[in-house]
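For reference, the structure discussed in these notes is given below.
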Amino acid sequence: MTVGSLRPSPLVEQAAQRLREQIAEGRWPVGARLPGETALAASLGVGRSTVREAVRALAGAGQLRTRQGAGVFVIATEPVEEWSAKLGRAAATDVHEVRALLETRAVRLAARRRTDEAAAALDAALTSALTATARAARPEAAADPAARVDADLALHAALVAAAGNPVLTDLFAEFAPALREALLAVGTAGPDGHEALVAAVLDGDADAAERLVAAELDVFARLLREARARSAA
């Protein structure tokens, strides 16, 4: 069935939108295989390369999946929302709970796996965090409230990276923007004690590292709950 020719520009966006509409309307339900490139190109009035790019766009949005040798299949009727967008809407307390689960495990791994390169990165991040903490005590620090927060997050990112698991590192990076907003909202980058935490990781003491990071994150969780209660009052 021909659905009408598309305007010449921008063809890929128009083709992708037309496919989204047809999927939403139920022309191809979840699990259905799309027609081949030649048939889709004729239906949409575009070239096969345009169809290929449109399919790639919908695959990136989580609606289509290509199975080698089998074709392109519908896996969702609506685009999958970006993870970063979901985190941006989530309550800070909920984001922090997940961060705590991730980070307490990460520091245990870091204590067992840290390399010389990771140790050097931790030392550098700790120096920056301590410098930012010292500067935060000065009167002029009020003009730059984000400096200590950024240094704190950089240190925790280095701790997670020391675990040697790129998936954990990427997950923490996804959390970082939401965590930064939460830290700025409560006006703190967390309690002191980073020196002991980094020392535990460098000494290979997984139990101490987990205990210390859990204690720090518990303090921050309390501050978040208090801030939430104040805003609800």
Side-chain angles (χ1 to χ4, degrees), residues 80-115 118-119 121-133 136 145-232:
V80 177
E81 186 177 26
E82 289 286 337
W83 177 237
S84 57
K86 290 183 179 180
L87 285 175
R89 289 201 319 275
T93 49
D94 292 338
V95 174
H96 181 70
E97 273 188 4
V98 180
R99 176 226 183 154
L101 292 171
L102 181 155
E103 205 167 336
T104 50
R105 181 59 181 169
V107 295
R108 290 193 68 87
L109 293 175
R112 296 168 181 165
R113 299 175 176 174
R114 78 267 181 246
T115 61
L122 280 171
D123 280 334
L126 176 61
T127 298
S128 295
L130 293 174
T131 300
T133 298
R148 188 184 177 196
V149 166
D150 291 338
D152 178 86
L153 283 175
L155 173 59
H156 282 270
L159 285 164
V160 173
N165 184 322
V167 177
L168 283 174
T169 301
D170 289 346
L171 278 174
F172 189 85
E174 289 282 350
F175 282 108
L179 293 173
R180 186 177 189 273
E181 293 302 314
L183 286 163
L184 288 171
V186 298
T188 181
D192 297 327
H194 286 145
E195 290 172 288
L197 173 56
V198 171
V201 170
L202 296 182
D203 290 342
D205 192 339
D207 290 337
E210 180 177 6
R211 183 177 64 254
L212 287 164
V213 80
E216 176 180 346
L217 297 178
D218 281 347
V219 171
F220 183 46
R222 175 178 55 78
L223 294 171
L224 282 175
R225 291 193 297 270
E226 291 173 353
R228 188 174 182 176
R230 285 193 301 271
S231 65

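All values reported here derive from a predicted model rather than from experimental measurement.
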Flag, side chain of R114 to backbone of V201, donor-acceptor distance under 3.5 Å: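 The answer is yes, because a donor-acceptor pair under 3.5 Å joins these two groups.
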I need the minimum non-hydrogen distance between [X] and [Y], along with the two atoms involved.
{"X": "A200", "Y": "A111", "result": "O-CB, 4.4 Å"}
{"X": "L184", "Y": "A146", "result": "CD2-CA, 3.8 Å"}
{"X": "L153", "Y": "A176", "result": "CD1-O, 3.9 Å"}
{"X": "L155", "Y": "A129", "result": "CD2-CB, 4.2 Å"}

Tell me, do [X] and [Y] make a side-chain contact under 4.5 Å, heavy atoms counted?
{"X": "F175", "Y": "E103", "value": "no"}
{"X": "V98", "Y": "D94", "value": "no"}
{"X": "E216", "Y": "D152", "value": "yes"}

Gap between atom [atom2] of [Y] and atom [atom1] of [X] - 0.5 Å precision:
{"X": "E195", "Y": "L130", "atom1": "CD", "atom2": "CG", "value": "4.5 Å"}
{"X": "L102", "Y": "H156", "atom1": "CG", "atom2": "NE2", "value": "12.5 Å"}
{"X": "T104", "Y": "L212", "atom1": "OG1", "atom2": "CG", "value": "12.5 Å"}
{"X": "D218", "Y": "H96", "atom1": "CG", "atom2": "NE2", "value": "7.0 Å"}

For residues 160-172, tabulate all N or O donor-acceptor pairs below 3.5 Å that involve a side-chain atom, not counting sequence neighbours.
from	atom 1	to	atom 2	distance (Å)
N165	OD1	V167	N	2.8
N165	OD1	L168	N	3.3
T169	OG1	N165	O	3.3

What residues, two or more places apart in sequence or in another chain, satisfy salt bridge (charged side-chain N to carboxylate O under 4.0 Å, His left out) together with D207?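 For D207 the salt bridge (charged side-chain N to carboxylate O under 4.0 Å, His left out) partners, ignoring immediate neighbours, are R108.
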Using side-chain contact (heavy atoms from CB on, under 4.5 Å), reason through V219 and R222 one step at a time and then give a plain yes or no. CA-CA 5 Å; V219 171; R222 175 178 55 78; 3.7 Å; yes
Using the side-chain contact (heavy atoms from CB on, under 4.5 Å) rule, take L197 and L126 through it: C-alpha gap first, then chi angles, then the decisive distance, then the call. CA-CA 10 Å; L197 173 56; L126 176 61; over 6 Å; no
